[in-house]
2 protein chains.
Amino acid sequence: MARVSLKDLARHLGVAEGTVSRALNNYPDISEATRAKVRAAADELGYRPNPTARRLATGKAEAVAYFMPTSRSAISTPFVSQLLQGLGDALAKRSWDLLVVQPNSAEEELETLRKLVSSGKVSGVVLSRPAKVDARIDFLRKSGFPFIVHGRAKDASDYAWFDIDSESAFVSAVDHLCALGHQRIGFVGAPTYQNFVQDRLNGYKKGLQANGLPYAPDLVSVAELTDEGGERASFDLLSQPNPPTALLCVNDVQAIGALAAIRAKGLTPGKEVSVIGYDGIWMGRHANPPLTTMAQPQAHSGRELGDMLLSIIDGGNPKDFQILRQAEMVRRKSDGPVWVEQPHVQKILGRNEHE
Amino acid sequence: MARVSLKDLARHLGVAEGTVSRALNNYPDISEATRAKVRAAADELGYRPNPTARRLATGKAEAVAYFMPTSRSAISTPFVSQLLQGLGDALAKRSWDLLVVQPNSAEEELETLRKLVSSGKVSGVVLSRPAKVDARIDFLRKSGFPFIVHGRAKDASDYAWFDIDSESAFVSAVDHLCALGHQRIGFVGAPTYQNFVQDRLNGYKKGLQANGLPYAPDLVSVAELTDEGGERASFDLLSQPNPPTALLCVNDVQAIGALAAIRAKGLTPGKEVSVIGYDGIWMGRHANPPLTTMAQPQAHSGRELGDMLLSIIDGGNPKDFQILRQAEMVRRKSDGPVWVEQPHVQKILGRNEHE
DNA sequence: CTTGTCACCGAAAGCGCTTTCGGAATAGCG
DNA sequence: CGCTATTCCGAAAGCGCTTTCGGTGACAAG
């Protein structure tokens with residue numbers, strides 16, 4: 001079971017170590033004959049190069065890191081698992097390694113990243129959930145170190161990213177609600193240092209404008225990105241003298257909280273008050289009522305992120321790697337025509353479930 | 001910004017490289033005076049040893065791997081994120097690295113693991129979701145390579161693991177249902193190659209026995225570990241001539257499917273039919289109705305796994321590291337007294353919500 | 001003053017690979 | 001057949017660290 005080293009292999013073949021190395025690495029100055037011989041012996045003896053030694057000699061890390069988002073929101077982020085899986089797939093093609101690194105705290109975030117970059121342990125980094133202006137991105141951009149972001153910061157012009165166009169998703173959501181007759185649409189959101197929150201808020205505003213509705217600051221409420229947060233924010237909105245008839249939520253988790261708030265108000269979500277979420281989390285369909293949402297396609301985002309990062313490490317221009325995907329509405333039971341007392345009005349505006 | 005190497009530092013100090021190295025690594029044969037000098041110079045120049053070179057020289061990987069479970073179930077496993085975070089915390093104390101590796105397919109699982117172990121990239125492995133008899137564990141056990149398992153295989157005597165006692169959790173769940181008057185308790189489960197499924201089924205059986213109830217094979221239904229799976233299995237159970245009055249589900253995801261099945265049958269979950277899940281996933285409280293479940297304490301499982309693995313790598317005996325935690329019932333609205341037509345019976349047996 | 005004993009450090013040999021450089025053998029050319 | 005151009009491989013120098021080994025100087029003991 002003892003590992004066979006390059007030296008062993010060379011001795012076994014009666015050639016120099018360098019020759020074996022070059023043969024295995026497809027150098028042009030090795031004859032086909034010996035290359036074949038070396039290859040044969042290599043997998044006969046089960047030779048596997050020592051990655052550490054290789055890394056030291058070449059100076060290449062053959063690994064990338066996923067930089068964990070600091071969990072400001074208590075919700076454990078289930079998307080991480082999928083993302084890692086995709087990244088792993090992408091890296092597997094070169095048999096590179098995937099490191100997971102996380103800062104001890106939000107304050108040490110930058111320091112951790114700096115250390116990581118200068119450690120030489122990895123040749124690229126992927127970041128998640130950028131802040132509106134994100135120190136990590138600034139640092140990486142300046143340093144010239146290869147990286148890619150899952151999401152976008154406010155200024156996303158000159159680096160690589162993969163994102164879902166949540167802004168236009170929210171525009172469509174507003175359109176949809178307006179088409180159902182809603183005039184007072186609330187936005188339950190979160191602090192906007194996370195850029196995706198800002199994006200969605202922008203979409204909300206644009207949507208209102210496009211439909212000739214005024215933007216009323218008292219219709220947007222801010223809370224944590226949790227179910228309780230969504231519930232609280234929604235409850236506040238609904239407690240106003242002239243409450244909204246529909247709630248657009250920054251994500252599904254909050255939307256599910258919103259449903260609870262509506263019920264707590266003695267109203268029926270999907271009837272008296274519509275709610276639309278964003279994300280397309282699995283649980284949405286089991287909410288009460290099943291949640292209408294803007295679902296983001298994130299099946300292969302990890303894979304795509306990985307491929308892009310590899311291309312950048314290979315020398316590609318980061319600006320050439322910016323992908324924006326569209327979300328898609330999956331309509332369930334939490335939205336409906338604006339509520340009026342006369343029941344016949346409801347028959348005018350249809351509802352359907354497609355999934 | 002150029003990295004300063006040990007050589008640079010040595011030259012700067014006018015001493016030999018070896019001296020610097022030993023000083024920094026607290027060798028006893030270095031005087032306090034020069035040790036201090038070296039340390040000072042080191043962090044003045046911002047010296048950070050090159051981990052790759054260090055690994056090569058010492059032969060120690062200073063890293064462990066989390067071996068991803070192959071996703072047989074489509075549900076992305078949200079616990080992975082938490083677990084990685086905990087592992088990362090544990091490793092951070094030594095500033096070791098955390099690798100995530102995944103096999104390309106279930107078939108290549110063993111081969112991937114074998115390669116990982118022999119690559120020298122890591123000095124320990126953590127596994128998740130063992131099968132009843134798990135080839136990965138057998139291999140690792142034989143090889144003597146340090147590892148720890150999140151969960152247990154059937155025979156868990158001679159290796160390290162961290163698990164939740166789901167068997168006794170299911171016993172308690174049965175007890176609970178019996179106390180509510182249920183006599184026909186269904187088990188909605190999954191194929192038992194995953195050992196935790198077997199454990200829970202065992203708990204179910206033991207619970208029945210303890211309560212003097214017969215084990216009826218037609219009351220257990222097997223399906224995938226998804227919501228649809230749970231729904232299908234539950235629907236089948238409820239379609240029997242003499243259907244169960246309560247459903248015990250192997251996990252919360254299936255339980256949520258069970259709720260849907262009950263509603264599809266025109267019945268009210270928590271009233272006509274009780275259901276209890278297992279896991280304590282966050283979404284349970286927003287199910288319709290809120291799900292009663294056996295919640296497992298997994299807050300720091302990653303951390304504990306990491307610490308244990310490190311101890312084993314340090315030479316500890318794996319058998320000394322076996323931790324079994326207890327799950328705890330969190331009662332919500334999906335369970336209740338067995339349904340009978342006379343309403344007064346229900347008042348006898350109480351219900352409450354504590355969370 | 002000599003010898004032995006430590007405390008301390010320099011020198012050097014790796015760790016297992018890559019990669020440059022130069023030289024021997026062969027081929028191509030007139 | 002002599003000379004240059006190729007082809008192919010061996011030798012050796014790293015990569016940046018660790019660790020053993022041996023040696024120097026100081027100091028105590030005799």
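Reckoned from all heavy atoms, side chains included, excluding hydrogens, waters and symmetry mates. Just so we're on the same page: letters track the sequence lines, and every chain starts at 1.
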Would you kindly give the CG-to-P distance between A:Leu56 and D:dG16, to the nearest whole Å? 7 Å
Could you verify whether a donor N or O on one side chain and an acceptor N or O on the other, from B:Ser5 and B:Tyr47, lie under 3.5 Å apart? no
Is the number of heavy atoms from other residues, nucleotides or ligands under 6.0 Å of B:Arg141 CZ greater than 12? yes
When the C1' atoms of the five terminal pairs at each end define the local axes, what inter-axis angle does the helix from C:dC1-D:dG30 to C:dG30-D:dC1 show, to 10 degrees? 50°
Distance only, no hydrogens: is a donor on one side chain within 3.5 Å (strictly under) of an acceptor on the other, for A:Ser128 and A:Tyr66? yes
Could you state the atom-to-atom distance from NZ of B:Lys7 to P of C:dA11 in whole Å? 14 Å
Is any side-chain N or O of A:Arg22 under 3.5 Å from a base N or O of C:dT20, one able to act as donor and the other as acceptor? yes
Measure from CD on B:Glu17 to C1' on C:dA11 and round the result to the nearest Å. 10 Å
Which is more 5' along DNA chain C, the nucleotide nearest B:Thr19 or the one nearest A:Tyr47? Just name the residue. B:Thr19
So, B:Ser105 and B:Glu108: side-chain donor and acceptor under 3.5 Å apart, yes or no? yes
Is there a donor N/O on one and an acceptor N/O on the other, under 3.5 Å, for the side chain of B:Asp29 and the base of C:dC9? yes
Check B:Val100, B:Val101, B:Leu99 against A:Asp97 for a side chain to side chain contact (heavy atoms under 4.5 Å, CB included) and give me the one that passes. B:Leu99
Just checking B:Gly59: base, sugar-phosphate only, or nothing, at a heavy-atom cut-off of under 4.0 Å? nothing
Among the candidates D:dT20, D:dG14, C:dA11, find the nucleotide nearest to the side-chain atoms of A:Ala57. D:dG14
Report yes or no: does A:Asn195 contribute a side-chain atom to a donor-acceptor pair with the main-chain N or O of A:Lys132 at less than 3.5 Å? no
